[in-house]
Amino acid sequence: MAWTEERIEKLRKLWDDGLSASQIAKELGENVTRNAVIGKAHRLGLKSRPSPVKKDAKKKAPAKPAVKKSPPKEKKIISGKVSLLELTDRMCKWPIGHPGDDDFHFCGKSSEAGMPYCAGHCAEAYQAQPQRKSAAPQAPRIIR
DNA sequence: CCCTGATTCGC
DNA sequence: GCGAATCAGG
């Protein structure tokens with residue numbers, strides 16, 4: 001399929017109309033892929049315009065050379081009640097309660113490197129279930 | 001997993 | 001010149 005004047009024209013219009021490449025491709029015909037559109041567009045020198053994907057290397061790294069505040073907030077987490085949003089790495093991700101419940105939260109104790117759970121819950125999580133002959137899976141033990 | 005454009009490279 | 005494959009990100 002050659003790029004006729006008409007097609008190029010349409011491509012140009014649709015492109016700066018802000019339509020996505022895939023959308024343009026669909027508009028132009030079934031046998032045109034978005035890759036074709038993008039390729040042609042690029043070749044035509046059409047601008048990259050608002051590409052959703054930004055590879056911005058962050059402007060102005062504040063650069064924090066001096067003035068360090070020492071370790072100000074090294075909080076030691078020993079107990080939990082951590083909401084999902086507050087969950088970070090190194091926190092025990094053991095769920096407590098039922099999702100959706102008012103007080104659904106996570107254990108939140110500190111976990112060792114690479115471990116999703118704290119020591120205690122790790123033990124529980126990785127406990128081998130010995131007699132597993134029945135096909136019926138055991139219902140997960142409900143905490144609390 | 002859906003999408004976006006960018007780039008590469010064999011044709 | 002073309003565009004599928006791949007990439008890099010949302």
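In the text below, chain A, chain B and the rest are named by the order of the sequence lines, each starting its count at 1. Remember, it's a predicted structure, so these values are computed and weren't measured experimentally. FYI, side chains are in, hydrogens and waters are out, and symmetry mates aren't considered; it's all heavy atoms of this structure.
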> Find the distance between NZ (A:K10) and CH2 (A:W3) and round it off to the nearest 0.5 Å.
11.0 Å
> Of the non-hydrogen atoms in A:C92 and A:C118, which two are nearest, and what is the gap between them?
SG-N, 3.1 Å
> Output the residues of residues 3-10 of chain A in contact with DNA chain C, where contact means a heavy atom of the residue under 4.0 Å from an atom of the strand; sort by number or write none.
A:W3
> For the atom pair CD1 (A:I24) and CZ (A:R7), what is the distance rounded to the nearest 0.5 Å?
12.5 Å
> Should A:H42 be listed as having a side-chain N or O under 4.0 Å from OP1 or OP2 of B:dT7?
yes
> Measure from CG on A:L14 to C1' on B:dG5 and round the result to the nearest Å.
16 Å
> Nearest heavy-atom pair of A:L11 and A:K40: which atoms, and what distance?
CD2-CG, 3.6 Å
> Check the distance between C:dA5's C1' and A:R34's CZ and give it to me in whole angstrom.
11 Å
> Is any side-chain N or O of A:S20 closer than 4.0 Å to OP1 or OP2 of B:dC3?
no
> Find the distance A:L11:CG to B:dG5:P and express it as a whole number of Å.
12 Å
> Atom CG of A:L19 and atom C1' of B:dT4: how far apart are they, to the nearest Å?
14 Å
> The side chain of A:R43 is closest to which nucleotide in this list: C:dA5, C:dG1, B:dG5?
C:dG1
> In the structure I gave you, are the side-chain heavy atoms of A:L14 and A:V37 within less than 4.5 Å of one another anywhere?
no
> Show each protein N/O and nucleotides 9-11 of chain B N/O combination with a separation under 3.5 Å, one pair to a line.
none

> How many whole angstroms separate atom NZ of A:K26 from atom P of B:dC2?
15 Å
> For A:K40 and C:dC2, is the shortest distance between a side-chain N/O and OP1 or OP2 below 4.0 Å?
yes
> Under 4.5 Å between side-chain heavy atoms, hopping through other hydrophobics if needed: is there a path connecting A:I38 to A:L44?
no
> What are the two closest heavy atoms between A:W15 and A:A21, and how far apart are they?
CZ3-CB, 4.2 Å
> Figure out the CG/C1' separation between A:L28 and C:dC2, and round it to whole Å.
15 Å
